[in-house]
Protein chains: 2
Amino acid sequence: MDEIEKVLRQHRVRPTAIRLLMYKFLQERKVAVTLNDIESGFDKSDRTTLYRTIKTFEKNGLVHQIDDGTGVAKYALDEPQTARAGNTQNLHLHFHCTSCNETVCLTDHTIPHISLPEGFVTQDVNLVLKGTCDKCSRK
Amino acid sequence: MDEIEKVLRQHRVRPTAIRLLMYKFLQERKVAVTLNDIESGFDKSDRTTLYRTIKTFEKNGLVHQIDDGTGVAKYALDEPQTARAGNTQNLHLHFHCTSCNETVCLTDHTIPHISLPEGFVTQDVNLVLKGTCDKCSRK
DNA sequence: GCAAATAATGCACTTAAGTTGCATTTTTTT
DNA sequence: AAAAAAATGCAACTTAAGTGCATTATTTGC
Ligand SMILES: [Mn+2]
Ligand SMILES: [Mn+2]
Ligand SMILES: [Zn+2]
Ligand SMILES: [Zn+2]
């Protein structure tokens, strides 16, 4: 049995043809992708299916959505170990390059703790750095 | 001459009727507002005008746009002192309450410095904490 | 293995925010 | 006051996201 198939099953996602293809597609890309990026990567299949597929992935903890401020949602695979470990890796920061428009997960860089005024309870954090990425700043 | 009128002129924004009204509207609200919020606050005037007005404010340093992850842009007045001082206040974090859907500027809470891998150059930071605000957590 | 039940897919259509073009009105400049 | 520049209002367009429903594929119970 395929390795990807196993991962999907572990997350209770039935491994259909499109789902396997999309997972592979996400693995190949090192950066976060939009639904349009995914659509461009598949000659076949319909937008809606791809949309629902990525949402299924998200709901079942296979990918996370990234809001980098560009206005369009991006998605990236969760770290494989995340599910097993205490998902510390899950909360990481993202870097959005305003030059090439790519957004990457910086899973090594955890988000510093931030103290808030009395009464505020934090459940989630979104931290996005914007600027020029390594590739673009070298040019 | 009106005090608001002075502020607008200082930022090279001609003080028209709608602009004065919108600035006052933003002052009264303590939270960040969407374009729809603004629209609801004005019986008169057109969406487009309000849109272009807030964008004029933004371009001229009167307001800043906040992307809190809800998918719709919000806006809040810049701190008055920001323009004169070295705009340290400008870079602050935001708190988005998932219960009442309000987003507030936490101008006292500056964003901690974050070191990045070689080659990455940061120009801007977006830090949004999500959770329950003081009002909602007391209920 | 087969029928019924359940889930996934594809197409059409809808929604909502953001944005632009252009004619009209208002304000500023000369 | 006339000319120029800027602001406003209306209509239309763009794009991403999301829903309804019929069709197709897969899974489950027998
Ligand atoms: Mn990520
Ligand atoms: Mn703010
Ligand atoms: Zn780049
Ligand atoms: Zn609240």
Side-chain angles (χ1 to χ4, degrees), chain A residues 1-2 4-6 8-25 32-60 62-76 96 101 103, chain B residues 1-2 4-6 8-25 32-60 62-76 96 101 103:
Chain A
M1 166 154 67
D2 191 41
I4 295 177
E5 201 174 320
K6 239 186 273 177
L8 295 200
R9 283 199 194 283
Q10 277 166 6
H11 288 79
R12 299 186 202 183
V13 173
R14 269 176 273 267
T16 66
I18 290 174
R19 287 171 177 178
L20 291 169
L21 282 173
M22 189 187 288
Y23 196 92
K24 207 172 296 177
F25 179 81
V33 297
T34 66
L35 187 61
N36 270 335
D37 293 336
I38 297 172
E39 210 183 343
S40 307
F42 293 84
D43 289 339
K44 205 156 184 286
S45 192
D46 171 74
R47 255 182 53 86
T48 312
T49 303
L50 298 174
Y51 169 75
R52 287 198 264 236
T53 299
I54 198 78
K55 285 299 174 190
T56 299
F57 281 8
E58 189 187 6
K59 188 166 33 157
N60 292 75
L62 286 165
V63 305
H64 60 283
Q65 183 178 333
I66 302 158
D67 179 19
D68 64 7
T70 54
V72 305
K74 291 183 181 173
Y75 303 89
H96 173 241
N101 198 34
T103 297
Chain B
M1 166 156 65
D2 191 43
I4 294 177
E5 200 174 322
K6 238 186 273 178
L8 295 200
R9 283 198 194 283
Q10 277 166 6
H11 288 79
R12 299 187 202 182
V13 174
R14 268 174 276 265
T16 66
I18 290 175
R19 286 171 177 178
L20 291 168
L21 282 173
M22 189 187 287
Y23 196 91
K24 207 173 295 179
F25 179 82
V33 297
T34 65
L35 187 61
N36 272 334
D37 294 336
I38 297 172
E39 211 182 342
S40 308
F42 294 85
D43 291 337
K44 207 157 182 288
S45 193
D46 171 74
R47 254 186 80 74
T48 313
T49 304
L50 298 174
Y51 170 75
R52 285 197 266 236
T53 300
I54 199 76
K55 284 300 173 191
T56 299
F57 281 8
E58 189 186 7
K59 188 167 31 159
N60 292 76
L62 286 166
V63 305
H64 60 283
Q65 184 179 332
I66 301 158
D67 180 19
D68 64 8
T70 55
V72 306
K74 292 183 180 173
Y75 303 89
H96 173 240
N101 198 32
T103 297

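Order of the sequence lines sets the chain letters (A, B, ...), proteins ahead of strands, with each chain counted from 1.
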Within this structure, what is the [atom1]-[atom2] distance for the pair [X] and [Y], rounded to the nearest 0.5 Å?
| X | Y | atom1 | atom2 | value |
| --- | --- | --- | --- | --- |
| A/Ile4 | A/Met22 | CD1 | CE | 12.5 Å |
| A/Glu39 | A/Thr49 | CD | OG1 | 10.5 Å |
| B/Arg19 | B/Leu50 | CZ | CG | 11.5 Å |
| A/Arg9 | A/Lys6 | CZ | NZ | 11.5 Å |

| field | Min side-chain heavy-atom separation A/Asp67-A/Lys74 under 4.5 Å | value |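 No, too far: nothing below the 4.5 Å cut-off.
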| query | Would you say B/Arg47 and B/Tyr51 make side-chain contact, with heavy atoms under 4.5 Å? | reply |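 With C-beta onward as the side chain, the pair stays apart.
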[Y] versus [X], side-chain donor and acceptor atoms under 3.5 Å:
| X | Y | value |
| --- | --- | --- |
| B/Asp37 | B/Ser40 | no |
| A/Asn36 | A/Thr34 | no |
| A/Thr70 | A/Asp68 | yes |

| said: Measuring to OP1 and OP2 of D/dA7, would you say a side-chain N or O of B/Thr16 lies under 4.0 angstrom away? | reply: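 B/Thr16 to D/dA7 OP1/OP2: no side-chain N or O under 4.0 Å.
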| field | Residue-phosphate contact under 4.0 Å: B/Ser45 side-chain N/O, D/dG9 OP1/OP2 | value |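 Yes, B/Ser45 has a side-chain N/O under 4.0 Å of OP1/OP2 on D/dG9.
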Atom [atom1] of [X] to atom [atom2] of [N]: distance rounded to whole Å?
| X | N | atom1 | atom2 | result |
| --- | --- | --- | --- | --- |
| B/Asp46 | D/dA12 | CG | C1' | 13 Å |
| B/Phe42 | D/dG9 | CZ | C1' | 16 Å |
| A/Arg47 | D/dG18 | CZ | P | 10 Å |
| B/Glu39 | D/dC10 | CD | P | 12 Å |
| B/Asp43 | D/dG9 | CG | P | 13 Å |
| B/Ile18 | D/dA7 | CD1 | C1' | 8 Å |
| B/Leu21 | D/dT8 | CG | C1' | 14 Å |
| A/Arg12 | D/dT27 | CZ | C1' | 17 Å |

Give me the distances for all protein-to-nucleotides 3-6 of chain D N/O pairs that come in under 3.5 Å?
unit_1, atom_1, unit_2, atom_2, d
D/dA6, O3', B/Arg14, NE, 3.2
D/dA6, O3', B/Arg14, NH2, 3.4

| said: With a 6.0 Å cut-off (strictly less than), is the heavy-atom count around NZ of A/Lys59, excluding the residue itself, greater than 12? | reply: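 No, the 6.0 Å shell around NZ holds no more than 12 heavy atoms from other groups.
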| field | Nucleotide range of DNA chain C lying under 4.0 Å from chain A heavy atoms | value |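 It runs C/dA7 to C/dA12.
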| Whichever of A/Ala17 and B/Lys55 has its nearest DNA chain C nucleotide further upstream toward 5' |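 Its nearest nucleotide lies further toward 5', so the answer is A/Ala17.
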| Pick the nucleotide of DNA chain C nearest each of B/Lys74 and A/Thr49; which residue has the one closer to the 5' end? |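 Result of the comparison: A/Thr49.
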| For the helix from C/dG1-D/dC30 to C/dT30-D/dA1, what is the angle between the axes at its two ends, each from 5 pairs, rounded to 10°? |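 It comes to 30° between the two terminal axes.
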| How would you list, by chain and number, every residue that makes a salt bridge (charged side-chain N to carboxylate O under 4.0 Å, His left out) with B/Lys24, sequence neighbours excluded? |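 Expected list: none.
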| field | Partner residues of B/Arg14 under the salt bridge (charged side-chain N to carboxylate O under 4.0 Å, His left out) criterion, sequence neighbours left out | value |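 In terms of salt bridge (charged side-chain N to carboxylate O under 4.0 Å, His left out), with neighbours along the sequence ignored, B/Arg14 is linked to no residue.
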| said: Using modelled atom types and a 3.5 Å cut-off, is there a donor and acceptor pairing between side-chain atoms of A/Asp46 and backbone atoms of A/Thr48? | reply: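 Side chain of A/Asp46 to backbone of A/Thr48, a donor-acceptor pair under 3.5 Å: yes, one is there.
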Can you tabulate the close N/O pairs, meaning under 3.5 Å, that link protein atoms to atoms of nucleotides 19-22 of chain D?
unit_1, atom_1, unit_2, atom_2, d
D/dG20, O6, A/Arg52, NH2, 3.1

| request: Assess the pair B/Tyr75 and B/Phe57: is the distance between their ring centroids shorter than 6.0 Å? | output: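 No.
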